[in-house]
Engineer: 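Can you keep this structure in mind? I'll have questions shortly.
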Amino acid sequence: MKYISLNHNSQPVNFQTALINGLAPDKGLYFPEKIINLPKKIIENIKTIDDTELCYEVIKDYIGNDFTEDELIKIIQKTIDFKIPLKKVENSIFSLELFHGPTLAFKDIGAKFLALCMDKIKNDFDSKEITVLVATSGDTGGAVAKGFEGLNGINVCILYPKGRISQVQEKQITTNDKNVIAFEVNGNFDDCQKMVKDAFNDIEIKNKIILTSANSINIARWLPQMFYYFLAIKKIENNNQNIFSVPSGNFGNICAGILSKEMGLNIKLFIASTNINNTVPRYLESGIYNPKKTKPTISNAMDVSNPSNFIRIQKIFNNDLQKINKVIKGYSYNDSETREAIKDVYNSYNYIMDPHSAIGYLGLKSYLKNPRSDVNGIFLSTAHPIKFKEQVENSIGDQISLPSRLKKIMTKKKNTIEIESYDQLKDNLLRRVN
Ligand SMILES: *Cc1c(COP(=O)(O)O)cnc(C)c1O
């Protein structure tokens, strides 16, 4: 498979190069040159195919010959080695729980797949060491850290804004093996991002270190997100129409779902559920794409007003808004609606949702209005409620307990390097190779 740049000013590259580059040299996002049609027998027999085998069939043609079958199967096994339950919440509404991975967020799946792929190809870069550099506002950092932890020959440097991420998130970033280095930045998320950008543009760094990113536009993080749409449909026992509601920020997750549908998976419709940063729902309604200033919300992993992956969705539909509107509906919700939903679902069904998942739930409710026996409405639960403990406890008026896996990490001592300027970051990066 070749990957083209959506800015159309760079050469097509194979999977491996697209993975290391992250973005194409012309700053465009990579996109597969063609969408694979899965053989009918896979779709028809989906319930009888083993999980790993199914994921292998879904992704193998996008990887091409860069890995052997054996290598790819092993990567998939390690990527999906936790449960992904589909829980019935109420009539015709299900929660696909994507938060049982190492950092209790759906980003674990993409981050792990990316890390294992990079681990496999690192030997092609002979003497130079690979350093993965990421800025995080919270969730991404932990997932990337855990994805790469313990992989020899790859360093991961994570920059986070001091005092601005949750306690659980901080522990997940700062208590890992030696190859994960946490930089605690005296500043905000934008400062962290600026430092990362400066490093990528620094010739001296470029000459000594192979720098790569692990952010959500990387194809190796984006594509494996197809797995859970397939695994969810595999679990469904009726022949109803399937509708997915995806809490969306950068629109990578929903875009992977749409790709799955284009490949033949039995999905009728997607609901793009957002918080008040609702550029896409407004666009679907009006045809005008008009990002506004990003506003902070309690579903902060979705505080994105210019979603980088939306261009991939437009590409799938050849930029035809009518076609997009047939497959995607958009709804948005403010914080008080989100809190209300968390409370109502807890009181009525004894089910606890985090603020992001709650927005997914609300999207389904808006679309379905009344329960319908001919439809399976599935919302993606993208984070464990404990990751947004305070907000959730305030909404439900009850305590939620720490999962046992987290108890251990909360007692570990944090290990960080405090910095406040790009030069300090640079010194640290260079010192490791000199
Ligand atoms: C990242 C994230 C999202 C948004 O996913 P996108 O692929 O960026 O649309 C939703 N919920 C949680 C908890 C997240 O961490």
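Just follow the structure's listing: the first ligand is 1, and inside any ligand the first atom is 1. Everything numeric here is computed off the predicted structure, so don't read it as measured data.
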Engineer: Would you check if the distance from the ring center of Tyr229 to the ring center of Phe244 is below 6.0 Å?
Structural biologist: yes
Engineer: Are the aromatic ring centres of Phe310 and Tyr283 under 6.0 angstrom apart?
Structural biologist: yes
Engineer: Under 3.5 Å, which donor-acceptor pairs do the side chains of residues 409-420 form with other protein atoms, sequence neighbours left out?
Structural biologist:
unit_1 : atom_1 : unit_2 : atom_2 : d
Thr411 : OG1    : Lys408 : O      : 2.7
Lys414 : NZ     : Glu170 : OE2    : 3.1
Lys414 : NZ     : Glu184 : OE2    : 3.0
Thr416 : OG1    : Glu184 : OE1    : 2.8
Glu418 : OE1    : Lys162 : NZ     : 3.4
Glu418 : OE1    : Asn186 : ND2    : 3.4
Glu418 : OE2    : Lys162 : NZ     : 3.4
Glu420 : OE1    : Asn186 : ND2    : 3.4

Engineer: Is it true that Glu71 and Lys74 have a side-chain N and a carboxylate O under 4.0 angstrom from each other?
Structural biologist: no
Engineer: Less than 4.0 Å between a side-chain N and a carboxylate O, is that true for Glu285 and Arg282?
Structural biologist: no
Engineer: Can you pull every nitrogen or oxygen pair between ligand 1 and the protein closer than 3.5 angstrom?
Structural biologist:
unit_1   : atom_1 : unit_2 : atom_2 : d
ligand 1 : 7 (O)  : Gly252 : N      : 3.2
ligand 1 : 7 (O)  : Asn253 : N      : 2.9
ligand 1 : 8 (O)  : Asn250 : N      : 2.8
ligand 1 : 9 (O)  : Gly249 : N      : 2.8
ligand 1 : 9 (O)  : Asn250 : N      : 3.3
ligand 1 : 9 (O)  : Phe251 : N      : 2.9
ligand 1 : 11 (N) : Thr382 : OG1    : 2.8
ligand 1 : 15 (O) : Lys107 : NZ     : 2.4
ligand 1 : 15 (O) : Asp139 : OD2    : 3.2

Engineer: Would you call Asp198 and Lys194 a salt bridge, taking side-chain N to carboxylate O under 4.0 Å as the test?
Structural biologist: yes
